[in-house]
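All of these numbers come straight from a predicted model, not from anything done at the bench. The figures here come from the full heavy-atom set of this structure, side chains too, leaving out hydrogens, waters and symmetry mates. As the structure lists them, so they are numbered: ligands from 1, and atoms in each ligand from 1. Count residues from 1 along the sequence.
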Amino acid sequence: MRTPIIAGNWKMNKTIEETKAFLNQVKDFSVEGVEAVLCVPYTDLAIAKELVGDYIKIGSQNIHWAESGAFTGEISPLMLKELGVQYAIIGHSERREMFGETDETVNKRVHAAFKHGITPIVCVGEKIEEREAGKTKEVVKEQTEKAIQGLTSEQVKQIVIAYEPIWAIGTGKSSTAEDANEVIGFIRQVIADQYDQQVANEVRIQYGGSVKPENIGAFMRQPEIDGALVGGASLDPTSFKALVEGGKQS
Ligand code: 13P
């Protein structure tokens, strides 16, 4: 049985004061049988870790492969580890599109995360032109295979993959639950082909892209979908709690 995982990706939102106000409203909250994660800006990690309570886990939105060095603007796995960060989003489409992230750098970051005991949430997903050209599966296959290259079976079992069709991010246009289920089932098959079915059956694969409290149930009822990576709707504490509650429906 895969434990559902609902993760909020705050992107570049919330100051420390805003983070404190949010956490005050969720620190005593928990939902049995659902894992909840908040991936906050770097500047909010320390206060989030201090105030979050025992249930919600804290994640970063990136992680560098080197432990230290001349990498202006990057964040080291050691720095994240010291703050108690448990998850790191890797290869989000915004980083791929705007900041030159590639499948190769994604793979290096994934290896570094595992080396330091941080669980990667690896994002894959197609652009609208790729979808319209019928290339969705080809694109997610390549991204998935390259992201997990060189990992042990044990590591692959722990990884979280987020299927986020780029055209569905922040647009209010989510994929249909059936469509997302089909692509996610395909990603699981790609992992089975590279490792084996038993490994693939343990990997948690989320859907992301305009997920809200109103539509999370439809996604979670799909057999292949193990959770959601949520941007905009994770910024409000009431909405975030409703999303995590929605994770129970799988
Ligand atoms: P939205 O939920 O705002 O569409 O963002 C999705 C996303 O990119 C999460 O990583």
Side-chain angles (χ1 to χ4, degrees), residues 4-14 18-19 22 34-42 44-45 48 56-63 75 85-99 101 106 109-110 113 118-128 130-131 136 139-140 143-144 147 159-177 179-181 183-184 187 204-220 222 225-247:
I5 176 166
I6 307 298
N9 173 10
W10 280 2
K11 308 191 179 184
M12 198 174 71
N13 291 291
K14 293 200 191 290
E18 289 165 341
T19 301
F22 182 106
V34 181
E35 202 176 335
V37 185
L38 282 172
C39 298
V40 305
Y42 300 134
D44 297 329
L45 287 170
I56 298 172
K57 293 173 180 157
I58 297 300
S60 62
Q61 298 171 15
N62 201 355
I63 180 170
I75 188 111
V85 167
Q86 288 152 290
Y87 283 91
I89 295 174
I90 299 177
H92 191 280
S93 58
E94 287 151 17
R95 297 227 53 93
R96 292 180 193 256
E97 288 201 322
M98 291 186 265
F99 302 102
E101 193 76 67
V106 165
R109 294 182 200 274
V110 166
I118 294 171
T119 303
I121 301 176
V122 176
C123 302
V124 300
E126 81 286 2
K127 301 183 182 126
I128 188 69
E130 292 165 336
R131 166 156 287 241
T136 297
V139 170
V140 297
Q143 290 175 336
T144 304
I159 209 168
V160 178
I161 294 179
Y163 167 57
E164 299 203 312
I166 297 171
W167 47 271
I169 296 177
T171 57
K173 272 192 275 178
S174 59
S175 170
T176 66
D179 217 57
N181 188 65
V183 179
I184 288 175
I187 293 170
R204 292 182 295 173
I205 311 180
Q206 301 170 310
Y207 167 75
S210 299
V211 177
K212 308 183 242 336
E214 302 79 56
N215 63 13
I216 190 158
F219 289 104
M220 295 308 297
Q222 295 291 328
I225 302 181
D226 304 314
L229 182 58
V230 187
S234 73
L235 292 168
D236 171 75
T238 307
S239 169
F240 180 69
K241 287 192 265 191
L243 288 160
V244 179
E245 291 279 357

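- Of all atoms in ligand 1, listed by their number and element, those nearer than 4.0 Å to a heavy atom of G170 are 1 (P), 3 (O), 4 (O).
- Residue K127 qualifies as open at atom NZ: its count of foreign heavy atoms under 6.0 Å is 12 or below.
- Note on ring orientation: taking the six-membered ring where Trp is involved, the planes of W10 and F22 are perpendicular (angle over 60°, cut-offs 30° and 60°).
- Counting atoms of ligand 1 from 1 in the listed order, those under 4.0 Å from a heavy atom of G232 are 1 (P), 2 (O), 3 (O).
- Contacts with ligand 1 closer than 4.0 Å are made by side-chain heavy atoms of N9 only, the backbone lying farther away.
- Counting atoms of ligand 1 from 1 in the listed order, those under 4.0 Å from a heavy atom of S210 are 1 (P), 2 (O), 4 (O).
- Residue contact annotation: G208 has no non-hydrogen atom under 4.0 Å from ligand 1.
- Taking every heavy atom of both residues into account, A233 and K212 meet most closely at CB-CA, 4.1 Å.
- Here the side chains of I166 and E97 are in contact, with some heavy-atom distance below 4.5 Å.
- Heavy atoms of K11 come nearer than 4.0 angstrom to ligand 1 in at least one pair.
- In terms of protein heavy-atom proximity, atom 7 (C) of ligand 1 is closest to E164 OE2, 3.2 Å.
- Between S175 and P165, the shortest heavy-atom contact is CB-CG, 4.3 Å.
- Here the protein heavy atom with the shortest distance to atom 2 (O) of ligand 1 is G231 N, 2.8 Å.
- Surrounding CE of M98 are more than 12 heavy atoms belonging to other residues, nucleotides or ligands, all under 6.0 Å away.
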